[in-house]
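Letters go in sequence order (proteins before strands), and every chain restarts at 1.
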Amino acid sequence: MYDKKFTEIENKWKTKWEEEKVFLTKTDVNRPKYYVLDMFPYPSGSGLHVGHPLGYVATDIVARYKRLQGFNVLHPMGYDAFGLPAEQYAIQTGQHPAMTTENNINQYRKQLENLGFSFDWSREVRTCNPEYYRWTQWIFLKLYNSWYNKTTDKAEAIENLITEFSKNGNRNIHASCSESIASFSENDWGNFDESTKQKILLNYRLAFLQEATVNWCPMLGTVLANEEVKDGLSERGGYPVIKKQMRQWFLRITAYADRLLEGLERIEWPVAVKEMQKNWIGRSEGAMINFSFYKSEKKLTIFTTRPDTILGCTFMVVAPEHELLPEICNPVNKREVMDYIEYARNRSERERIAEVKNITGKFTGAFVVHPFSGEKIPVWVSDYVIFGYGTGAIMAVPAHDSRDHAFAKKFELPLVEVVSGGDVFKEAYEAKEGTLINSSFINGMSVTDAIHCVIIKAEEKNIGFRKINYKLRDAGFSRQRYWGEPFPVYYKNDIPYPLEEKELPLVLPEAESYQPTGTGEGPLFKVKDWIELPDGCHRDSNTMPGWAGSSWYFIRYKEASNKEAFVSPENEKYWGQVDLYMGGTEHATGHLLYARFWNKFLYDLGLVSHDEPFYKLINQGMIQGRSNLVYRIKGTNTFISYYLRKDYKTTPMHVDINIVNDDVLDIKEFRKWNPDFEKAEFILEDGKYFCGVEVEKMSKSRFNVVNPDDVIAKYGADTFRLYEMFLGPIEQSKPWNTHGIEGVFRFLKKVWRLFYDENENWIVVNDTPTEQELKTIHKTIKKTREDIERYSFNTCVSNFMICVNELTDLKCYKKEILEKFAILLSPFAPFISEELWSLLGNSQSVIYAKFPEWEGKYITESFFEYPVSVNGKVRTKINLSLSLSEKEIEERVLTAEELKKWLNGTPVKKVIVVKGRIVNVVV
RNA sequence: GCCGAAGUGGUGGAACUGGUAGACACGCAAGACUUAAAAUCUUGUGGGCGUUGAGUCCGUGCGGGUUCGAGUCCCGCCUUUGGCACCA
């Protein structure tokens, strides 16, 4: 019986697959390739839980399916092994992160192997391995040695730029750079000293150092990326985050903003992820417009997306950090304004967000002159204007912007309606519909026309120009951390210089302490003999962020063993784009954006062949935990059963789901579980203690983690795989619930019984299949193909069940049929399929089999039972030949006896016949 | 507030381009086997009315619309969920 044998079968094939290296993949230009990839895991200390494999099972099915179709399939796995948790653990326990990481990886590997995945382990990568991060550092140096040429719209070597500078200065250069650089001639360039040259070049490099306001987390002692900060708190740990000025490495992702946006059109990704990336990039079209200060040469430049409302501008607002602020302040207001700047600086990000409704600001005493109306307009300062976006200054149009409206209301500033259509005294009218009023030369125009007209006019007057702005910021790339890639640079007189390629990898040195210094230097700062170089130069004490290694690992898989290059051109080209990429939504704006950026950069250098790395993306849903709760009556050691708890004040507590059965607590085990509960009292109902239930994230602290190893021990990996697929569509999140697993297990037992009777006698015969049997199997082949192609794995499993139910009813034990079925099942339940395949007399593994083709002649029906409806309601069914024409069907239906009572003599208006589908009679 | 996704039996879900709603499975109920339990097998299972059986009405979050025909398309609402949130 299968239920006694599955462990033996699974162990047998696991060993055999490994011995025979059946999953080893080699480049083969004579076969079409298929690249199917999972987002590689961070090997955490708690191992895999049942949620992790969901995506892996799906990709493994696709990988095995594509192999059966003759594709050469690349299906690798590796580990995102650098990162914070290992380091936090090291700080707590003093164990080297390399050690704990290695242990965790071994644990993961074992668990993954138990699940029967067809990974080519010879290609495994670990981002913390020097042989891997040597190339991460190499790519960093490529970024450092490149600039973005806007004219050719791609990254180019920095040498070209230097050559151009020495020929023509920077007058012809159109580049992405940090700040606008004063123009210089070829002579100037020649006369600049080394330090000036390097500082200028840093402005152009794609990896560059910059003093910048960063998210500094004092508790973690590190800088965090925007996406690591949620609501002003660190995502990890939930500690407060403040703004701090620091010199950091940045990657110039903003140079790629437009291409990152455009590329989304050419890939098949979930709309939600595309939307998120679009929002994150945040492209907005508008204009830069200068307002001259009253009786001054100085200008205030603002960015607006609504130049049409310019005549409705009644005041200006600048961010507290705005550089002009100190000089433009009227002496009378200066004191107050300076106090305000100080106040704004000391407000943490969290306070600022929490107090959005608390509008603050000060009048600077300065005025600008309206470029079109000539009116004198006051300039205010407020922290509702963000320094980091646009120019850090805005023209306020209270009638048509709700933030300006609120500000005007609070400080009693005037308001002028310029677009008709709303009640602007009540609330700002922000719609782009309506006619311009009170607006001199644009009166009567539509919003769209007015926007265009104002920009043209501003360009004519030389006070402004069309401008596209992005929310996307250059990516901070320094972390004050130990467990990451060291920067392959050294500093001489505070100027960074790259290491030579042959000096790579720059290996992470041993450290005595992993504690952050707290001063903004990384822990490496304390490793003096590493950080300080004999010639007086020094290294960077920071390391790269977690996403560095994961931004290109999908390329390394194409040739993980290459010692001379990050990948050879042949292998890169052969495996090309990732055809299917599976992973969680949590990487929508982090990993997936950075990986696209790095890949586009490598594409510009001609190092990869596709500018979009991942063609098809699927986000697998989360498997949530199903927690159980017990309720302790406050101030006592008495626990009250779930349905009785309402009359008491109780504290809910998570309880280990392993000592709960069908929500009933095992009191004996509970007493043993924690010494505090040894003497606990219980108030029961029907002699049972019922627990509460909550569906939430699976985590150790909630005691709701289900380990796949336990499920596999009880039912086997095949059942586990089938069950995870059977739960529902792959993209959907769902709670783990073992109730249904029996059904899938039963199914495999039923499969087994098509080969063996209840006394374990082999019952397969070589007889010729009947029409019915052929129909069943060919129907299933067709459906399985179609469903895998659209990633509908749950319906595949249903269809296997239907097929087996039918074959069981038909008592079909025929080799010809069962052999086909074993192949169909093999991507989903590889172990049992492999066993049955070999029992059927095949000496080679089922992975070398050919996926069966279905033939229309076995499936085509000659008759169809037409549902006949009258006025859209199904009234009867009439069995008719499918060869009948629509006219003939109509005649047969109208004369049919069964329909008489419904027609009841009423004249028939119309008959709709859909061949092979339905007949509808309209009366 | 803005943007996106989704609401189908007691439960997970199916229904691909509008064409027999509830496939498949869980659960439940009844029965067979068994001293008994488990396992296995058989039958039933959206709701109401009716009933020996047939029958018949209602039913895919709610209200409207398009259509011979709507779970599916359109409009308006409600709920759940994910993301963004002073981005000018």
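Residue A:Thr304 has its side chain nearest to B:rA88 when only B:rA88, B:rG13, B:rA15 are considered. The side chain of A:Val874 approaches B:rA21 more closely than any other nucleotide in the set B:rA88, B:rA21, B:rG13. Comparing B:rC86, B:rG19, B:rU40 by their nearest atom to the side chain of A:Tyr384 picks out B:rC86. When the nucleotides B:rA88, B:rC41, B:rC86 are ranked by their closest atom to the side chain of A:Ile394, B:rA88 comes out on top.
Using a distance-only test at 3.5 Å, with no hydrogens or angles considered, no donor-acceptor pair links the side chain of A:Tyr866 to the main chain of A:Arg917. A donor-acceptor pair under 3.5 Å links the side-chain atoms of A:Arg306 to the main chain of A:Glu430, judged by distance alone.
Other residues, nucleotides and ligands contribute at most 12 non-hydrogen atoms within 6.0 Å of the NZ atom of A:Lys299. In the displayed structure, A:Lys616 atom NZ is contacted under 6.0 Å by more than 12 heavy atoms of other residues, nucleotides or ligands. Counted within 6.0 Å of NZ on A:Lys410, heavy atoms from surrounding residues, nucleotides or ligands total more than 12; the atom is thus considered enclosed.
Residue-to-nucleotide contacts include a donor-acceptor pair under 3.5 Å from the side chain of A:Lys877 to the base of B:rU20.
A cation-pi geometry, defined here as NZ or CZ lying under 6.0 Å from the six-membered ring centre and within 45° of its normal, does not hold between A:Arg596 and A:Trp280.
Using the six-membered ring where Trp is involved, A:Phe747 and A:Phe821 have ring planes that are perpendicular, over 60° apart on the 30 and 60° scheme. The aromatic rings of A:Trp752 and A:Tyr2 sit tilted relative to each other, their planes meeting at an angle between 30° and 60°.
Within 4.0 Å of A:Arg283, counting heavy atoms only, lies no atom of the nucleic acid at all. Among the protein residues, A:Pro735 comes within range of no part of the nucleic acid, since none of its heavy atoms lies under 4.0 Å from any strand. Looking at heavy-atom distances under 4.0 Å, A:Ser284 makes contact with sugar-phosphate atoms alone, never a base. When heavy atoms are screened at a 4.0 angstrom cut-off, A:Ile912 is found touching base atoms of the nucleic acid.
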Just the atom pairs and distances: protein N or O near nucleotides 1-9 of chain B's N or O, under 3.5 Å.
{"residue": "B:rC3", "atom": "O2'", "partner": "A:Glu275", "partner atom": "OE1", "Å": "3.4"}

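Using a 3.5 Å distance cut-off with no hydrogens or angles, the side chains of A:Lys750 and A:Asn805 do pair a donor with an acceptor.
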Problem set entry | 5'-to-3' dot-bracket of RNA chain B (Watson-Crick, G-U; under 3.5 angstrom; crossing pairs as [ ]; | other strand) | (((((((..(((......[....)))((((((.......))))))((((.....))))..(((((..]....))))))))))))....
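One interatomic measurement links the two molecules: CD of A:Glu430 to C1' of B:rC86, which rounds to 11 Å at whole-angstrom precision. Across the protein-nucleic acid pair, A:Phe800 atom CZ and B:rG13 atom P stand 20 Å apart, rounded to whole Å. Rounded to whole Å, the distance from CD1 on A:Ile918 to C1' on B:rA21 is 12 Å.
Under the 6.0 Å cut-off for aromatic ring centres, A:Tyr343 and A:Tyr340 qualify, their centroids lying closer than that.
Using a 4.5 Å heavy-atom threshold, the side chains of A:Leu894 and A:Glu891 count as separate.
Just one residue in the list A:Lys783, A:Arg790, A:Lys782 forms a side-chain hydrogen bond (donor to acceptor under 3.5 Å, both in side chains) with A:Glu786, and that residue is A:Lys782.
A residue-by-residue look at A:Asn737 and A:Thr391 shows that A:Asn737 has its nearest nucleotide of RNA chain B further toward the 5' end.
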Exercise. Can you give one letter per nucleotide of nucleotides 23-34 of chain B, 5' to 3': B if a protein heavy atom sits under 4.0 Å from the base, S if only from the sugar-phosphate, - if neither?
Worked result: BBSS--------
